[in-house]
Amino acid sequence: MDQRHQSHHRPQHPNSNHHDNHQSTFKRDMDDSGRGHFQHKRFRPGQNHHPAGPSTPPSSPPTQSLSIQRQLYERDFPLYKQPVEVGHFSLDSERRFFNDARQLRYYVEPEKSCPNFDLRDGYRGRFVKRDDRVKEKLDHILRWILANRSKLQSKDTAASSSPCALGVDIVTWRGHLTKLLTTPYETREGWLLAVTRMGGTLYISEVETEAARRDRENRTERHEEMMYWGYKFEQYTCADDAQSLPDPGGVVNTNEAFCTVVQTRLAEHRLLFSGEVDCRDKDPKAPSPPANYIEMKTSLEISTPKQRSNFHRFKLLKWWAQSFLPGVPRIVAGFRDHDGVVVSVETYHISKISQLIKNETNCWKPTVCMNFCCEFLSFVKSVVTEDDPRVVHLFSWDPHRDVTYSIHRDSQYSFLPDWYVREMTSSTSRETHHHPPQT
Ligand code: 0WD
Ligand code: CA
C-alpha cells in the first residue's frame, strides 16, 4: 500500500529567494583534513541529485546550503511507503536495553468522557525522572541493529550487489525526522544534526543546541512539573497487560520505554528508524504493529476560537508528523485545565488530520513537510560522501535561515561507538569479500 503520489513537477523558482547567505557562523571549514571549501551555491529542491554511493564521486562539488522556503516544497506528495515494523526493544527502569516488548503497555479507555484525572498526583513522591543530561545518541538503535542484523540483511543485500551493508540509506530516531518534517513551519527552535556515513549507510544523530541546553538548565519548577503531566496521563490510561487495569497509585519512571523499529522508504531514501510507542490496542484482534499502536498526548483545553486555531496550526502539525512517520494511526488526547486536571479525552485519527485543518488559514501542509524532509536527505547524501565513522558532518539550522553544515574529524561530535564500528566493520568485510573465517 504505497502512498504513491509522486510527481515530476518542479518548483517554479527554486532560487527565487535572494536573501543574504546567513551562514557566517557555520561558514568556517572545520575539517582538519583541509577538504571541502564552501561554495556559494544552494541546493535546489527538485533538481537532479548527485548519486552519492561511495563508488560514485560527485561530478561537481556539492551545494553548500539548503533553503527551507515553503513554496519550494509545494508539489505532489512524495512516495512514502507504508512503514513496516521490523522489530522493537524495551528500556527498563534503569535504562537497560532488552531486545523484546516487555515495556509495551495496553490502552484502557477511560470510563467517562470527563475523567477528572489529576495529573499532579505523585509528582512529589512517586516520580523517577530520567537524567536528561545523559546523551544516549543512537546507542539503543545500534544495539538493536547488532542484535537483529540477520533480519535486515537477509531481505535486501544478500541478493543484490548493494554497496550498503545494512540495506538502508538512513538510520535515525523518529524524533529527528519529526524535527525535519516540521522545519518549514518552525519559527522558534533550530536544530543540529550530526551525520556519519559508514558502510554506505548514513547515521543521523541530534546534537543539543546551546539554546536547548540553556532552556533545559533553566526550566521553571512549573515547567518541570508540567513535563510530568504527559507521563502521568499515560499511567491513568495504560495497563501492563491486556487483562489488567491501569495503576494510578504506582510510580512514574520515565526511564522506561518501548520502542518500535520500522523500515520504510521516502522517495529513493530507504529509512530505518525507531520511535517510542506509548501503548497498543488491547483487542487481540487488532491489526498488527504499527497499526495497533496508540500515541498519548495531553494539551490545554480549548475554550476560544483563537486557541482552536493555534491548536490546529501548531500542535496538530507536531502530532501529525510524529505519528505519521512510523504509521501509528491514532492519538488519544487528554485535554487538561491549568491545574493539571483532565477534563476531556478525544481520539484523533492521523489519516483525518489533514481534513480537520483544511479550513484553517495560514496552515501547514503535509506535502511541504514530506518534500522538505526528502530534499534534506538528498542534500545530506550529496554532501556526506566520505565513508568514515570518525567523520561527522554537522548540519545546522536556525529559524529564518538556510540549512548549512561544517565538517569535523575525530571531534566531540563523533557518535558511532567503538563497539558498533568494530562489530560492523569486521563482519562487513567478511560478507562483502566472502572470506571464509580464518582458522
Ligand atoms: O539523547 C537524545 N538526544 C535523544 C534521545 C533525543 C531523542 C530521543 N532519544 C531517545 C530516547 O532513548 C527515547 O527513549 O528517544 C527515545 C524516543 O525517541 P523518539 O520516539 O524518536 O522521540 P520523540 O518522538 O521526540 O518522542 C517520543 C516520546 C515523547 O513523548 P511525547 O508524547 O512527549 O512526544 O519519547 C519521550 C517522550 O515521552 N522522549 C524522550 N525520552 C527520552 N529521552 C526524549 C529523550 N530525549 N525525547 C522524547
Ligand atoms: Ca506521548
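Counting starts at 1 for both ligands and their atoms, in listed order. Atoms considered below: every heavy atom in the structure, side chains included; atoms not considered: hydrogens, waters and symmetry mates.
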- Query: To which protein heavy atom is atom 35 (O) of ligand 1 closest, and what is the distance rounded to 0.1 Å?
  - Reply: Glu276 OE1, 3.0 Å

- Item | Top protein contact for atom 46 (N) of ligand 1, by heavy-atom distance | Arg130 NH2, 3.3 Å

- Check ion pair Arg197-Glu386 (N to O, under 4.0 angstrom): no

- Item | Within 45° cone of Phe98 ring axis and under 6.0 Å: Arg102 NZ or CZ | yes

- Task: Of all the heavy-atom pairs spanning Gly190 and Thr209, show the shortest one and how long it is.
- Result: O-CG2, 4.2 Å

- So, Ser93 versus Glu256: side-chain donor-acceptor pair below 3.5 Å or not? no

- Message: Aromatic contact between Phe258 and Phe89, with the criterion being ring centroids under 6.0 Å apart: yes or no?
- Response: no

- Below 4.0 angstrom, N of the basic side chain to O of the carboxylate: do Lys179 and Glu186 qualify? no

- Task: Show which atoms of ligand 1 fall inside a sub-4.0 Å distance from at least one heavy-atom site of Tyr231.
- Result: 36 (C), 37 (C), 38 (O)

- Query: Is there at least one protein heavy-atom neighbour under 4.0 Å from atom 29 (C) of ligand 1?
  - Reply: no

- Counting only heavy atoms not in Arg308, do more than 12 sit closer than 6.0 Å to its CZ atom? no

- Query: Below 3.5 angstrom, do we get any N/O pair linking Thr178 and ligand 1?
  - Reply: no

- Quick one: does Met296 get a heavy atom under 4.0 Å from ligand 1? yes

- Query: Which atoms from ligand 1 have a heavy atom of Glu136 less than 4.0 Å away?
  - Reply: 1 (O), 11 (C), 12 (O)

- Opening angle between O in Met296 and OD2 in Asp278, taken at the Ca ion (ligand 2), to 10 degrees: 90°

- Item | Non-hydrogen atom of Glu256 closer than 4.0 Å to ligand 1 | no

- Task: Cation-pi check, Lys318 to Phe314: give yes when NZ or CZ is under 6.0 Å from the six-membered ring centre and within 45° of the ring axis, no otherwise.
- Result: no

- Message: For a quick check under 3.5 Å, do Thr183 and Trp191 share a side-chain donor-acceptor pair by atom type?
- Response: yes

- Are Trp397 and Tyr405 close enough that their ring centres sit under 6.0 Å apart? no

- Query: Which ligand 1 atoms does His140 reach within 4.0 Å, using its non-hydrogen atoms?
  - Reply: 12 (O)

- Item | For Gln322, the ligand 1 atoms whose distance to one of its heavy atoms is below 4.0 Å | 23 (P), 24 (O), 26 (O), 27 (C), 34 (O)

- Tell me which one of Phe89, Phe97, Trp173 gets a heavy atom nearest to atom 5 (C) of ligand 1. Trp173

- Is the shortest distance from a heavy atom of Ser274 to ligand 1 less than 4.0 Å? yes

- Query: Looking at atom 11 (C) of ligand 1, would you say a protein heavy atom lies below 4.0 Å from it?
  - Reply: yes

- Item | Interfacing atoms of ligand 1 (cut-off 4.0 Å, heavy-atom, Lys297) | 31 (P), 32 (O), 34 (O)

- Heavy atom of the protein closest to atom 4 (C) of ligand 1 (residue, atom name, distance): His176 CE1, 4.8 Å

- Query: Any N or O of Asp278 that comes nearer than 3.5 Å to an N or O of ligand 1?
  - Reply: no

- Task: Verify the contact flag for atom 17 (C) of ligand 1, where contact means a protein heavy atom under 4.0 Å away.
- Result: yes

- Message: Quick check on Glu295 - does any of its heavy atoms sit under 4.0 Å from an atom of ligand 1?
- Response: yes

- Item | Atoms of ligand 1, numbered as shown, that sit under 4.0 Å from any heavy atom of Arg95 | 11 (C), 12 (O), 13 (C), 14 (O), 42 (C)

- Backbone N/O of Gly250 and side chain of Gln235: donor-acceptor pair under 3.5 Å: yes

- Message: With a 4.0 Å cut-off on N to O distance, would you call Glu208 and Lys135 a salt bridge?
- Response: yes

- Item | Considering only N, O or S atoms of Glu295, the one closest to the Ca ion (ligand 2) | OE2

- Message: Between Glu234 and the Ca ion (ligand 2), is there a contact where an N/O/S atom of the residue lies under 3.0 Å from the metal?
- Response: no

- Item | Between Phe415 and Tyr420, ring centroids under 6.0 Å | no

- Query: Taking distance alone, with no angle check, do Arg174 and ligand 1 share an N/O pair under 3.5 Å?
  - Reply: yes

- Task: Please identify which atoms of ligand 1 are closer than 4.0 Å to at least one heavy atom of Gly275.
- Result: 20 (O)

- Query: Do Asp339 and Arg336 sit within salt-bridge range, that is, some charged N less than 4.0 Å from a carboxylate O?
  - Reply: no

- Query: What is the ring orientation for Tyr73 with Phe372, classed by angle as parallel under 30°, tilted 30 to 60°, or perpendicular over 60°?
  - Reply: perpendicular

- Message: Need the ligand 1 atom indices (1-based, order shown) with element for anything under 4.0 Å from a heavy-atom of Gly175.
- Response: 19 (P), 21 (O), 22 (O), 23 (P), 24 (O), 25 (O)

- 4.0 Å protein heavy-atom contact status of atom 2 (C) of ligand 1, strictly under: no

